[in-house]
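I have placed the structure first, in the form of structure tokens, so that the comments after it can refer back to it.
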Amino acid sequence: MGITSGNQPQIIPAKMAELLRGDKKTLVTYYWQRIPCGCLDEKYEAVKSVTRSGFCCNVACPIPDRMVEQKKMLYCTHYRVTNYCSRE
């Protein structure tokens with residue numbers, strides 16, 4: 001289902017889209033969790049309180065840039081790779 005390389009964890013397509021189009025918090029958190037040094041600690045503290053956004057995979061999504069508050073996203077349980085902002 002996802003893209004994998006050697007011992008690296010899978011990157012699912014919905015996560016890849018979020019990283020490419022994501023907000024600053026998504027990017028900083030993603031790399032902060034994976035880089036062992038403390039170089040992103042200050043940036044992480046700055047974005048920690050920002051609301052996370054997710055990318056809606058519905059091509060007809062009426063929301064600008066298809067970025068929705070992540071808590072409101074719906075997860076496709078059939079394919080397990082896409083997120084949507086509504087059931088429609």
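Quick caveat: nothing in here was measured; it's all calculated off a predicted structure.
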Looking only at non-hydrogen atoms, find the nearest pair between Y84 and C56 and report the distance.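 The answer is CA-SG, 3.9 Å.
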Taking all heavy atoms of S49 and all of A46, pick out the closest pair and write down the distance. OG-O, 4.5 Å
Which value, rounded to the nearest 0.5 Å, describes the distance between [X] atom [atom1] and [Y] atom [atom2]?
X: K71; Y: S53; atom1: NZ; atom2: OG; value: 12.0 Å
X: K43; Y: Y31; atom1: NZ; atom2: OH; value: 13.5 Å
X: W32; Y: K48; atom1: CH2; atom2: NZ; value: 7.0 Å
X: Y44; Y: C39; atom1: OH; atom2: SG; value: 14.5 Å

K25 side chain vs R52 backbone, donor-acceptor pair below 3.5 Å: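 Answer holds: no.
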Name all pairs fulfilling the side chain to side chain donor-acceptor pair (under 3.5 Å) condition that reach into residues 57-68, sequence neighbours left out, sorted by first residue then second. none
Going by side-chain heavy atoms closer than 4.5 Å, which hydrophobic residues are tied to M73, directly or by a chain of links? I63, V68
pair I35-L40: side-chain heavy atoms closer than 4.5 Å: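 Contact flag for I35/L40 side chains = yes.
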